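Notes follow the structure.
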Amino acid sequence: MNIYLISLFPELVHQAAAFGVLGRAIKQQQLNLQCINPRDYAQDKHRTVDDRPYGGGPGMLMKVEPLAKAIMAAKSEASDNAKVVYMSPQGQQVNQQLFVSTAAERRDLILIAGRYEGIDERLIESLVDAEWSIGDYVLSGGEFAALVVVDAITRLIPGVLGDDESAMQDSFMDGLLDCPHYTRPESIDDEAVPEVLLSGDHEAIRRWRLKQALGRTWLRRPDLLDVMQNDASRWDEEKADLLAEFKKEHL
Ligand code: ADE
């Protein structure tokens, strides 16, 4: 997959992407992450990349010409149907479903990480296909938001995760929170690992994990559980029974 990230701080992006699953995906050429710096397209001797907002007020905007040129450079390198996304708190809030559908589209992505107070609205209208937010808070730049998108999508590229890291087991992948996990030692300060996990009974372990996932989602994210319960294709008798058991034990 090709992702072009437009940023005034390419070193920040490359550093952050050099580790773990992302770093390995890049090394193995499953992800091609290119940074394009608007500063390289600035014309004046100071290579200016910010400009004052019309109407006055505090803060600067990204200067139109270098940014527009950087976007056009990314578009000319990317495939014709590349999707241009501006990272912004005003955007659609991202979630696992959006990442799954984006990864499945297999289109190149051009992510714009803004700095300062943002970018000229006309650039959004003419060059941007979607605006994405990672949550209701304001970051001082779009790089961290863009990296969230890069990370979440990369782990969905077939082959990036090994079997034992499978994305299918992740929280949210099936609309539920993840179950609790345990590793050695068997006992920490008299707190033992749930017995069923030591039983070797794969069916009992599957049911226990599903029950815990349902119970946690009920406790922590009832909104997610509501959505699942109202979708006949994702709610069945087993889930209803396991959730009822969890609730009874939780009283
Ligand atoms: N840029 C600044 N804040 C952001 C947010 N919450 N989501 C996406 N991009 C941003």
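Ligands are counted one by one from 1 in listed order, and the atoms in each one are counted from 1 as well. In this text the structure is predicted, and so the values were computed from the model without any measurement.
- Residues Asn37 and Leu8 meet the side-chain proximity criterion, which asks for heavy atoms closer than 4.5 Å.
- Within the 4.5 Å cutoff, no side-chain heavy atoms of Leu61 are placed close to those of Tyr54.
- Per-residue contacts place Ser133 under 4.0 angstrom from the following atoms of ligand 1 (heavy atoms of the residue considered): 6 (N), 7 (N), 8 (C).
- Set against the non-hydrogen atoms of Met87, the atoms of ligand 1 under 4.0 Å away are 8 (C), 9 (N).
- In terms of protein heavy-atom proximity, atom 3 (N) of ligand 1 is nearest to Leu139 N, 3.0 Å.
- For atom 7 (N) of ligand 1, the closest heavy atom belonging to the protein is Ile134 N, 3.0 Å.
- Taking all atoms of both residues into account, the shortest heavy-atom contact from Phe172 to Gln96 is CB-CB, 3.8 Å.
- At distances below 3.5 Å, not a single donor-acceptor pair connects side-chain atoms of Lys75 with backbone N or O atoms of Val84.
- Backbone and side-chain nitrogen or oxygen atoms of Gly135 are examined, and one is located within less than 3.5 angstrom of a nitrogen or oxygen of ligand 1.
- When all heavy atoms are compared, the tightest approach of Ala130 to Lys83 is CB-CE, 4.3 Å.
- Within the 4.0 Å heavy-atom criterion, the part of Ala145 lying near ligand 1 is the side chain and not the backbone.
- Heavy atoms of Ser88 found under 4.0 angstrom from ligand 1 belong exclusively to the backbone.
- Scanning both residues, Leu161 and Arg24, for their nearest heavy atoms gives CA-NH2, 4.3 Å.
- For atom 10 (C) of ligand 1, the nearest protein heavy atom (residue, atom name, distance) is Pro89 CD, 3.7 Å.
- Each of the atoms 8 (C) of ligand 1 lies under 4.0 Å from some heavy atom of Trp132.
- Across all non-hydrogen atoms, the minimal contact from Thr48 to Pro66 is O-CG, 3.8 Å.
- Looking at Tyr137, Phe144, Tyr86 and measuring to atom 6 (N) of ligand 1, the nearest heavy atom belongs to Tyr137.
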**Test log, rule side-chain contact (heavy atoms from CB on, under 4.5 Å), inputs Leu98 and Trp132** = CA-CA 10 Å; Leu98 178 70; Trp132 289 352; 3.6 Å; yes

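- For ligand 1, none of its N or O atoms has an N or O atom of Val138 under 3.5 Å away.
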